[in-house]
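Below is one structure; the comments refer to it alone.
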Amino acid sequence: QVRLVESGGGLVQPGGSLRLSCAASGIMFRTIAMAWYRQAPGKQRELVAFITNIGTTNYGDSVKGRFTISRDNAKNMVYLQMNTLKPEDTAVYYCNANWKNWGQGTQVTVSS
C-alpha cells in the first residue's frame, strides 16, 4: 500500500524559504517519477515540479528559478526547496508518486 507523508510546511514571510519533504513507502521508489502539486483556495490543483526516476526535473513557470525539487532514492524521499517565497505561493502542497498516488498535503502560508 502506497503511503506518502509530507512535512515542512508552515508560515513564512515574503522572501523567505521553506523546505518540504515527502517520505514514500510501499512503492518501488527508485523506478518512478515524483512530483509536487499545490492547490490554493478557490483554485485548481497545479503542478509545481516533477523529477523523473533518472533525475530529470521540470518546473511550473511560476516557480522556475525559485524552487528546486530533488530526491534521495536511498531514503525514499523527495524534497522541494522553496526560496524567495511570495504570497501567491500560499497553498496546500501535495506530494505525488507515479502520477497517481497522493499524500495528505502540507499547508504553506506566505504572509507578513
Side-chain angles (χ1 to χ4, degrees):
Q1 163 181 353
V2 179
R3 185 167 186 240
L4 302 173
V5 180
E6 301 98 334
S7 61
L11 174 64
V12 63
Q13 292 187 343
S17 298
L18 280 176
R19 188 194 195 207
L20 305 183
S21 300
C22 174
S25 59
I27 201 164
M28 293 291 288
F29 185 82
R30 66 180 64 246
T31 69
I32 61 170
M34 297 293 297
W36 287 97
Y37 284 75
R38 67 186 181 187
Q39 187 166 20
K43 294 188 177 181
Q44 288 189 329
R45 192 171 295 191
E46 64 170 345
L47 177 64
V48 175
F50 72 82
I51 183 167
T52 68
N53 63 317
I54 60 171
T56 303
T57 60
N58 196 279
Y59 298 90
D61 288 341
S62 61
V63 306
K64 281 180 182 176
R66 300 189 298 122
F67 291 11
T68 302
I69 189 170
S70 61
R71 65 191 295 161
D72 184 336
N73 288 341
K75 296 181 179 179
N76 284 13
M77 297 287 295
V78 63
Y79 306 99
L80 186 67
Q81 178 66 44
M82 306 186 294
N83 297 329
T84 319
L85 283 160
K86 305 175 182 180
E88 50 263 45
D89 295 317
T90 295
V92 178
Y93 284 71
Y94 296 91
C95 180
N96 177 281
N98 207 24
W99 309 112
K100 60 183 179 182
N101 302 109
W102 297 94
Q104 82 288 349
T106 186
Q107 176 71 47
V108 172
T109 302
V110 185
S111 175
S112 55

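Heavy atoms only: backbone and side chains are in, while hydrogens, waters and symmetry mates are out. For clarity, every value in this text was computed on a predicted model and none was experimentally measured.
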> Can you pull the salt bridge (Lys or Arg N to Asp or Glu O under 4.0 Å) pairs that have at least one residue in residues 73-88, sequence neighbours excluded?
Replying inline: none
> Partners of Lys43 by salt bridge (charged side-chain N to carboxylate O under 4.0 Å, His left out), sequence neighbours excluded?
Replying inline: none
> For Ser25, which residues count as a side chain to side chain donor-acceptor pair (under 3.5 Å) partner, sequence neighbours excluded?
Replying inline: none
> How would you list, by chain and number, every residue that makes a side chain to side chain contact (heavy atoms under 4.5 Å, CB included) with Ala35, sequence neighbours excluded?
Replying inline: Tyr37, Leu47, Phe50, Asn96, Trp99
> Rounded to the nearest 0.5 Å, how far does CG of Asn98 lie from CE of Met34?
Replying inline: 9.0 Å
>> Distance check, rounded to the nearest 0.5 Å: Ile32 atom CD1 versus Lys100 atom NZ?
In response: 9.0 Å
Please list, one pair per line, the donor and acceptor atoms closer than 3.5 Å that link side chains of residues 1-23 to other protein atoms, with sequence neighbours excluded.
unit_1: Glu6; atom_1: OE1; unit_2: Gln104; atom_2: N; d: 3.0
unit_1: Glu6; atom_1: OE1; unit_2: Gln104; atom_2: NE2; d: 3.3
unit_1: Glu6; atom_1: OE1; unit_2: Gly105; atom_2: N; d: 3.0
unit_1: Glu6; atom_1: OE2; unit_2: Cys95; atom_2: N; d: 2.7
unit_1: Glu6; atom_1: OE2; unit_2: Gly105; atom_2: N; d: 3.2
unit_1: Ser17; atom_1: OG; unit_2: Asn83; atom_2: OD1; d: 2.9

>> Which residues pass the side chain to side chain contact (heavy atoms under 4.5 Å, CB included) test with Asn73, not counting sequence neighbours?
In response: Phe29, Arg30, Arg71
> Between atom CG of Leu85 and atom CZ of Phe67, what is the distance when rounded to the nearest 0.5 Å?
Replying inline: 5.0 Å
> Got a sec, which hydrophobics cluster with Met77, joining ILVMFWY side chains under 4.5 Å apart, including via others?
Replying inline: Tyr79
> Does Val78 belong to the same Ile/Leu/Val/Met/Phe/Trp/Tyr cluster as Val108, with side-chain heavy atoms less than 4.5 Å apart forming each link?
Replying inline: yes
> How would you list, by chain and number, every residue that makes a salt bridge (charged side-chain N to carboxylate O under 4.0 Å, His left out) with Arg66, sequence neighbours excluded?
Replying inline: Asp89
> Of all heavy-atom pairs between Val110 and Thr90, which one has the smallest distance, and what is that distance?
Replying inline: N-OG1, 2.9 Å
>> Evaluate Ile69 against Leu80 for side-chain contact (heavy atoms from CB on, under 4.5 Å), listing each step before the verdict.
In response: CA-CA 5 Å; Ile69 189 170; Leu80 186 67; 4.2 Å; yes
> Can you list the steps and then say if Met82 with Trp36 is a side-chain contact (heavy atoms from CB on, under 4.5 Å)?
Replying inline: CA-CA 12 Å; Met82 306 186 294; Trp36 287 97; over 6 Å; no
>> The criterion is side chain to side chain donor-acceptor pair (under 3.5 Å); which residues satisfy it with Lys64, sequence neighbours excluded?
In response: Asp61
> With the 4.5 Å side-chain cut-off for hydrophobic clustering, are Val92 and Val48 part of the same group?
Replying inline: no
> Among all residues two or more places apart in sequence or in another chain, which pass the side chain to side chain donor-acceptor pair (under 3.5 Å) test with Ser62?
Replying inline: Arg38
>> So which atom in Ala49 and which in Tyr59 form the shortest heavy-atom distance, rounded to 0.1 Å?
In response: CB-CD2, 3.5 Å
